[in-house]
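Before any comments, here is the structure.
Throughout, protein chains are lettered first and strands after them, A, B, ... in sequence-line order, and every chain is numbered starting at 1.
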Amino acid sequence: MTTERKYVEELIEQEDDFDRWYVEVIQKAELADESPVRGTRVIRPYGFALWENMQVELDRRIKATGVQNAYFPLFIPKSYLEREAQHIQGFAPEVAWVTKGGDKELEEPLAVRPTSESIICPMFARWVQSYRDLPILINQWCSVVRWEERPRAFLRTLEFLWQEGHTVHATLEEAEERARLMLEVYRDFVETELAIPVIPGQKSESEKFAGALRTYTIEAMMGGKHWALQSATSHNLGDHFGRVFEITFLDREGKRRFAFNTSWGLSHRTIGAMVMVHGDDRGLKLPPRVAPIQVVIVPIWRKDEERRQVEETVERVRTMLRRAVRVHADLRDDKTPGWKFNDWDLKGVPIRLEIGPRDVANQQVTLVRRDVLGQRQTVPVANVVEAVQQELASIQDSLFRAAREMLERHTEEVRDYERLKERVAANAGFNRAFWCGSSDCEARVKTETKATIRCIPFEQPAEYEPCLVCGAPGRYQVIWARAY
RNA sequence: CGGGGUGUGGCGCAGUUGGUAGCGCGCGGCGUUUGGGACGCUGAGGCCGGAGGUUCGAGUCCUCUCACCCCGACCA
């Protein structure tokens with residue numbers, strides 16, 4: 001450990017205090033910084049570049065399902081937010097209100113959107129007249145505000161970045177299909193781009209979105225304490241919002257009907273997920289597909305003459321790579337190579353290329369992978385593009401495998417309530433167990449262990465055993481875990 | 001809202017029984033260095049969270065207050 005500690009002396013080790021490691025690594029890798037308002041964070045250029053790369057990939061997938069982007073106002077009149085009773089009940093405690101415009105008291109307070117159903121649905125009501133107008137498929141990229149008691153960088157901040165999709169349909173079946181489709185989009189995005197395996201499933205009644213008929217979720221396991229993180233949700237809102245906002249249309253038979261809605265969102269908390277799932281004692285490990293810098297080139301020289309030759313080769317390699325990957329040449333002359341190695345390890349850049357006099361002489365570069373530090377390989381300059389692309393794909397793959405292995409290793413089928421208590425107390429991970437479906441059993445476990453039902457996985461066993469808590473016939477196999 | 005803790009250069013901290021503020025890192029300059037966080041010299045930077053009080057004198061003692069952090073409660 002002492003030799004390890006030498007590399008990044010200022011970063012606490014995960015094992016010592018995972019939560020503090022999380023805070024420190026975000027700060028030191030320059031993903032985000034503190035801001036004057038408690039619970040808000042500045043997202044720095046490196047962190048924002050990561051989010052932008054994520055946006056591009058997710059946006060593409062969303063649009064591929066026929067959705068269009070739009071933008072709705074930040075402010076929602078109080079009366080609008082209050083129309084769906086469960087919706088406002090769920091969000092009331094964490095809504096931020098604007099009551100004054102300049103010096104003038106507003107006639108009606110405006111909510112800063114905690115989510116936009118209640119401002120989008122009234123617009124849907126205006127736009128929908130006939131079954132021919134349906135479906136409407138809208139997405140917006142924006143930030144929302146929820147006045148949380150205990151903020152955590154990226155995972156739970158007062159203001160956070162996300163996309164929220166909102167759709168209207170003629171039938172419940174169509175809404176259901178859309179809700180499930182978008183969850184599948186999220187699953188694919190999170191697993192493919194972020195290299196995080198997830199468990200798709202349905203939320204229990206007590207955990208579902210305020211105002212929804214059904215909520216679907218993808219749940220991921222974080223490193224360290226092996227807690228769960230709800231990584232995205234998709235809701236079938238039924239006709240709850242259709243009725244209160246009077247989104248009606250004439251069907252083919254000329255009959256007036258209420259429309260059905262869905263909404264679905266993925267936020268920048270998934271950045272926090274990447275940090276916690278892939279990171280190690282040296283810092284971040286960013287999945288190549290979304291990493292702001294995929295390859296960093298570190299030049300090494302002693303004399304001015306060497307410097308000239310090395311930088312010439314660096315420039316040549318950078319130009320070769322630039323068309324294929326996101327590459328950065330670290331030409332700072334006030335930092336030593338060793339310092340740079342540690343710095344880029346901390347920032348999670350997947351591949352480092354070292355180019356020194358030896359490499360120049362042999363027309364090669366030295367390639368080091370962030371996920372398997374210490375294993376250096378040399379690559380002829382002529383082959384560098386191909387080699388880098390191959391390694392990036394391989395890193396993406398191995399990050400996903402490692403995360404999946406962690407998920408599997410820390411998941412257990414639990415048949416005894418005492419065992420569940422033990423495992424939750426020990427931060428042992430996910431617990432698969434049978435549940436009768438009663439909210440009493442659910443509440444009891446939450447009170448006694450702090451674990452909640454993360455989801456009812458879509459994948460269910462062929463046969464059901466008795467409820468873990470009360471012994472009544474089991475109706476579902478669920479995942480119990482503590483969550484961020 | 002309960003329990004605990006911390007506020008001193010950008011960051012991390014020290015500051016004894018009260019005597020007029022210091023260390024490390026970082027930052028600027030110069031020189032030597034550079035294959036896993038180099039070194040020397042030199043320089044800049046602080047009304048010690050805020051208000052009031054005690055005192056000849058307060059970073060230090062007293063009172064009040066503010067902010068932040070941690071643990072609970074709460075939170076899709």
With heavy atoms under 4.0 Å as the rule, sort [X] into base, sugar-phosphate or nothing.
X: A/Pro93; result: nothing
X: A/Arg352; result: base
X: A/Glu94; result: sugar-phosphate

Taking the cut-offs as 6.0 angstrom to the six-membered ring centre and 45 degrees off its axis, would you call A/Lys421 and A/Tyr417 a cation-pi pair? yes

What is the distance from [atom1] of [X] to [atom2] of [N], rounded to the nearest Å?
X: A/Arg370; N: B/G36; atom1: CZ; atom2: C1'; value: 13 Å
X: A/Glu159; N: B/C75; atom1: CD; atom2: P; value: 23 Å
X: A/Lys303; N: B/G35; atom1: NZ; atom2: P; value: 14 Å
X: A/Trp147; N: B/C1; atom1: CH2; atom2: C1'; value: 18 Å
X: A/Trp301; N: B/U33; atom1: CH2; atom2: P; value: 14 Å
X: A/Glu24; N: B/C11; atom1: CD; atom2: C1'; value: 12 Å
X: A/Trp339; N: B/G26; atom1: CH2; atom2: C1'; value: 10 Å
X: A/Gln27; N: B/G26; atom1: CD; atom2: P; value: 17 Å

Does the structure show a Watson-Crick or G-U wobble partner for [N], both distances under 3.5 Å? Name it, or say none.
N: B/A44; result: none
N: B/A51; result: B/U63
N: B/G24; result: B/C11
N: B/G37; result: none
N: B/C74; result: none

dist A/Leu373:CG -> A/Arg282:CZ (nearest 0.5 Å) comes out at 4.5 Å

Listed nucleotide nearest any side-chain atom of [X], set [options]:
X: A/Glu354; options: B/C75, B/G36, B/G35; value: B/G35
X: A/Arg38; options: B/C68, B/G36, B/U34; value: B/C68
X: A/Asn342; options: B/G37, B/A73, B/G35; value: B/G37
X: A/Asp345; options: B/C75, B/G36, B/U34; value: B/G36
X: A/Asp19; options: B/U34, B/C71, B/G35; value: B/C71

Rounded [atom1] spacing from [N] to [M] in Å:
N: B/G26; M: B/G43; atom1: C1'; answer: 14 Å
N: B/C64; M: B/U54; atom1: C1'; answer: 15 Å
N: B/U33; M: B/C23; atom1: P; answer: 29 Å
N: B/C66; M: B/U20; atom1: P; answer: 33 Å
N: B/C25; M: B/G37; atom1: C1'; answer: 12 Å
N: B/C30; M: B/G24; atom1: P; answer: 23 Å
N: B/G36; M: B/G28; atom1: C1'; answer: 27 Å
N: B/C61; M: B/G29; atom1: P; answer: 41 Å

Contact between A/Ile395 and A/Gln294 at the side-chain level, heavy atoms closer than 4.5 Å - yes or no? no

Taking 4.0 angstrom as the limit, do A/Arg214 and A/Glu176 come out as a salt bridge? yes

Can a side chain N or O of A/Arg150 be found less than 4.0 Å away from OP1 or OP2 on B/G72? yes

Tell me whether the side-chain N/O atoms of A/Thr336 come closer than 4.0 Å to OP1 or OP2 in B/G37. no

Closer than 3.5 angstrom, by distance alone: can the side chain of A/Glu30 be matched with the main-chain N or O of A/Gly47 as a donor-acceptor pair? no

Is there a donor and acceptor pair, one atom on the side chain of [X] and one on the base of [N], closer than 3.5 Å?
X: A/Arg376; N: B/G36; value: yes
X: A/Arg156; N: B/C75; value: yes
X: A/Thr366; N: B/G35; value: yes

Using the side chain to side chain contact (heavy atoms under 4.5 Å, CB included) rule, take A/Phe209 and A/Leu237 through it: C-alpha gap first, then chi angles, then the decisive distance, then the call. CA-CA 9 Å; A/Phe209 178 79; A/Leu237 302 174; 3.9 Å; yes

For A/Gln230 and A/Lys450, take the nucleotide of RNA chain B holding the closest heavy atom to each; which residue's nucleotide lies nearer the 5' end? A/Lys450

On RNA chain B, compare the nucleotides closest to A/Asp333 and A/Gly338; which residue's is nearer the 5' end? A/Asp333

CA sep, side-chain torsions, deciding dist, call: A/Thr452, A/Arg454, side-chain hydrogen bond (donor to acceptor under 3.5 Å, both in side chains): CA-CA 6 Å; A/Thr452 51; A/Arg454 300 319 304 158; 2.7 Å; yes

Would you say the side-chain atoms of A/Ser263 and A/Glu164 include a donor-acceptor pair closer than 3.5 Å? no

